[in-house]
Amino acid sequence: NADAAMYRAKEQGRDNFQFYTQELTNSAFERILLETSLRRALDEEDLVLYYQPQISLANGRIIGAEALIRWNHPDMGLIAPNRFIPLAEESGLIVPIGNWVLRTACEQARYWLDIGLPLEKIAVNISGIQVLRGDISKAIKRALNYSRLDPCNLELEITESTLMHEGGQAIASLESLRTLGVELAIDDFGTGYSSLSYLKRLPIDKLKIDRSFINDAATDPNDEAIIRAIIAMGHSLQLKIVAEGVETQQQSEFLQSLGCDVVQGYYYGRPMPAAEFARLFSPVSDDGPGRQ
Ligand code: C2E
Ligand code: MG
Ligand code: MG
Ligand code: MG
């Protein structure tokens with residue numbers, strides 16, 4: 001029952017999971033129901049990608065977007081990824097779901113390029129399970145071939161904690177992905193425990209500073225110091241730095257003063273449906289020069 005589930009969740013000490021457990025999986029039976037409906041959501045195209053703009057601090061222009069999945073549930077409305085990605089990972093459904101995300105994001109990016117939007121990057125989140133259990137290289141090749149998207153336009157985001165779990169094997173996996181010509185970014189950077197020597201060996205292009213550091217950067221000297229250190233270290237390893245969760249102009253200016261390359265956050269735009277992103281992005285109209 002609900003109390004028992006909540007108690008278990010509490011014992012596990014995971015706040016997010018607690019709500020999720022209570023709300024969606026009170027019993028093994030309901031869990032199976034949820035898994036079944038998630039599978040059906042995939043078949044019936046009830047999954048949808050939202051896109052959040054990424055902005056270059058060098059010129060203030062949108063360079064691309066991160067694709068973020070939502071489940072458009074017929075009764076419950078839009079469900080956030082934190083509430084179903086863990087179940088998808090446990091059940092293995094993340095492999096077909098992840099393949100769908102790759103294909104959809106690549107096709108969307110190809111479409112935007114075809115209609116003349118100056119998109120440089122589409123960023124896609126990859127779960128560690130996809131790397132370990134799915135044939136991720138093959139899925140990426142297929143998505144690129146099918147969409148005719150140039151690999152240099154695709155960026156894969158992998159969380160720091162995933163990489164730590166995989167240890168040395170992660171390096172080999174990432175190297176094989178990199179030979180495809182795609183870019184690799186470490187997501188939620190700063191929340192894991194990568195050592196500098198490990199980081200040095202990773203074949204990556206970007207670090208995304210976790211938004212927990214950005215939140216209080218302007219007021220908390222510790223967070224400010226951490227951000228400074230990540231940017232300096234990243235740049236000396238020839239990595240580009242992205243800051244996520246930028247919510248205010250003050251944060252944006254602060255990051256710019258530290259030499260951060262790319263920003264993303266509510267200040268610039270929330271994750272939004274594809275059509276809305278295209279309107280925001282559209283740099284030229286038929287009858288004149290660009291409006292920014
Ligand atoms: P993430 O990749 O670190 O994505 C950033 C999250 O922060 C997104 O939450 C985004 O909506 C949110 N965010 C962006 N800007 C701001 C801001 O200024 N303030 C605040 N408070 N939040 C901001 P979302 O969309 O709920 O996604 C949560 C996580 O779910 C993602 O974290 C990612 O780890 C995972 N996820 C999303 N889509 C996929 C997917 O297609 N595949 C996989 N495997 N994981 C996904
Ligand atoms: Mg991400
Ligand atoms: Mg992140
Ligand atoms: Mg995150």
Side-chain angles (χ1 to χ4, degrees), residues 16-17 19-20 38 41-42 47-55 64-72 77-106 108-109 121-134 136 139-140 143 154-163 165 183-192 204 206-218 230 241-252 254-255 262-274 276-277:
N16 275 339
F17 195 66
F19 182 59
Y20 164 83
L38 186 54
L42 176 63
L47 300 178
V48 57
L49 292 184
Y50 272 39
Y51 296 89
Q52 186 176 36
Q54 295 188 325
I55 288 87
E66 177 177 6
L68 294 156
I69 197 171
R70 275 98 183 85
W71 177 0
N72 195 1
L78 278 191
I79 303 179
N82 291 340
R83 295 182 59 207
F84 65 89
I85 291 289
L87 177 84
E89 289 178 328
E90 285 165 35
S91 62
L93 270 177
I94 192 65
V95 173
I97 289 176
N99 290 347
W100 176 85
V101 171
L102 275 166
R103 221 167 43 233
T104 307
C106 287
Q108 185 63 66
K121 289 282 178 261
I122 187 84
V124 172
N125 293 283
I126 299 290
S127 158
I129 310 287
Q130 287 173 270
V131 178
L132 287 179
R133 288 218 262 150
I136 185 79
I140 291 165
L154 179 62
E155 182 173 299
L156 304 175
E157 298 190 1
I158 302 172
T159 62
E160 189 187 13
S161 50
T162 292
L163 290 172
H165 284 304
E183 286 211 335
L184 299 177
I186 304 299
D187 206 349
D188 301 347
F189 187 76
T191 58
I204 52 170
K206 275 186 182 159
L207 295 179
K208 287 191 85 171
I209 306 175
D210 191 70
R211 72 176 145 87
S212 58
F213 301 108
I214 312 300
N215 270 337
D216 313 314
I230 292 176
I241 310 292
V242 184
E244 60 181 8
V246 178
E247 294 184 353
T248 67
Q249 186 179 350
Q250 191 188 15
Q251 289 165 351
S252 163
F254 172 72
L255 288 159
V262 176
V263 281
Q264 180 183 342
Y266 294 170
Y267 179 62
Y268 297 96
R270 292 190 176 242
M272 59 190 89
E276 211 176 299
F277 179 74

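When a ligand or atom number is given, it counts from 1 through the structure's own listing order. Excluded from the calculations below are hydrogen atoms, water molecules and symmetry mates; all remaining heavy atoms, backbone and side chain alike, are included.
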**Message:** Just so I know, are the side chains of V131 and T162 near enough to count as touching, which here means a heavy-atom distance under 4.5 Å?
**Reply:** no
**Asked** Do the side chains of L38 and L42 get nearer than 4.5 Å, heavy atoms only?
**Response** no
**Asked** Where the Mg ion (ligand 2) is the corner point, what angle links OD2 of D187 with OE2 of E66, to 10°?
**Response** 180°
**Prompt:** Just by modelled atom types, is the I186 backbone N or O under 3.5 Å from a matching donor or acceptor in the E160 side chain?
**Reply:** no
**Request:** Taking the side chain as every heavy atom from C-beta outward, state whether I136 and L102 have any pair of such atoms under 4.5 Å apart.
**Result:** yes
**Message:** Any N/O/S atom, side chain or main chain, of N125 closer to the Mg ion (ligand 2) than 2.8 Å?
**Reply:** yes
**Request:** Verify the distance test for E244 against the Mg ion (ligand 2): any N/O/S atom under 2.8 Å, yes or no.
**Result:** no
**Item:** Ligand-residue contact atoms, ligand 1 with Q52, heavy atoms, under 4.0 Å
**Value:** 14 (C), 15 (N)
**L68 N/O to ligand 1 N/O under 3.5 Å** = no
**Prompt:** Can you find a non-hydrogen atom of P271 under 4.0 Å from ligand 1?
**Reply:** yes
**Prompt:** Is there a nitrogen or oxygen of T159 sitting under 3.5 Å from a nitrogen or oxygen of ligand 1?
**Reply:** no
**Fill in**
To the nearest 0.5 Å, atom CD1 of I85 lies from atom CG of L93 at 10.0 Å
**Prompt:** Do Q108 and Y51 come close enough that some side-chain heavy atom pair is under 4.5 Å?
**Reply:** yes
**Request:** Taking the Mg ion (ligand 2) as the reference point, name the nearest N/O/S atom of E157.
**Result:** OE1
**Asked** Of all the atoms in ligand 1, which lie at a distance below 4.0 Å from a heavy atom belonging to E244?
**Response** 3 (O)
**Fill in**
In terms of its nearest heavy atom to atom 46 (C) of ligand 1, the top option of N125, L47, N215 is N125
**Asked** Can you find a pair of side-chain heavy atoms, one from F189 and one from I241, that are under 4.5 Å apart?
**Response** no
**Item:** Atoms in ligand 1 with a heavy atom of E247 nearer than 4.0 Å
**Value:** 17 (C), 18 (O), 19 (N), 20 (C), 21 (N)
**Item:** Any donor-acceptor pair under 3.5 Å from E155 side chain to K121 backbone
**Value:** no
**Asked** Is R211 touching ligand 1 with its side chain, its backbone, both, or neither, if touching means heavy atoms under 4.0 Å apart?
**Response** side chain
**Item:** the Mg ion (ligand 2) to nearest N/O/S of D188 below 2.8 Å
**Value:** no
**Asked** At a 4.0 Å threshold, what atoms of ligand 1 neighbour a non-hydrogen atom of V101?
**Response** 41 (O)
**Beyond-backbone contact of N125 with V101, side-chain heavy atoms, under 4.5 angstrom** = no
**Message:** Evaluate D187 for polar contact with ligand 1, using N/O atom pairs at a separation under 3.5 Å.
**Reply:** yes
**Fill in**
Near E66 (heavy-atom distance under 4.0 Å), the atoms of ligand 1 are 2 (O), 4 (O)
**Side-chain donor or acceptor of E276 paired with backbone N/O of P273 under 3.5 Å** = no
**Element-labelled atoms of ligand 1 that are located less than 4.0 Å from some non-hydrogen atom of S127** = 44 (N)
**Message:** So, 4.0 Å and heavy atoms of R70: is ligand 1 close enough to count as a contact?
**Reply:** yes
**Message:** Between E66 and K208, does any side-chain N to carboxylate O distance fall below 4.0 Å?
**Reply:** yes
**Request:** Examine ligand 1 and decide if any of its atoms is less than 4.0 Å from a heavy atom belonging to K208.
**Result:** no
**Item:** Within-cut-off N or O pair, D188 and ligand 1, under 3.5 Å
**Value:** yes
**Request:** Indicate, as side chain, backbone, both or neither, the part of P81 found under 4.0 angstrom from ligand 1 when only non-hydrogen atoms are considered.
**Result:** side chain
**Message:** Is there a side-chain contact between W100 and L49 in this structure, where contact means two heavy atoms from C-beta onward sitting under 4.5 Å apart?
**Reply:** yes
**Fill in**
Taking only non-hydrogen atoms of G265 and a 4.0 Å limit, the atoms of ligand 1 in range are 15 (N), 18 (O)
**Item:** Beyond-backbone contact of P53 with Q264, side-chain heavy atoms, under 4.5 angstrom
**Value:** no
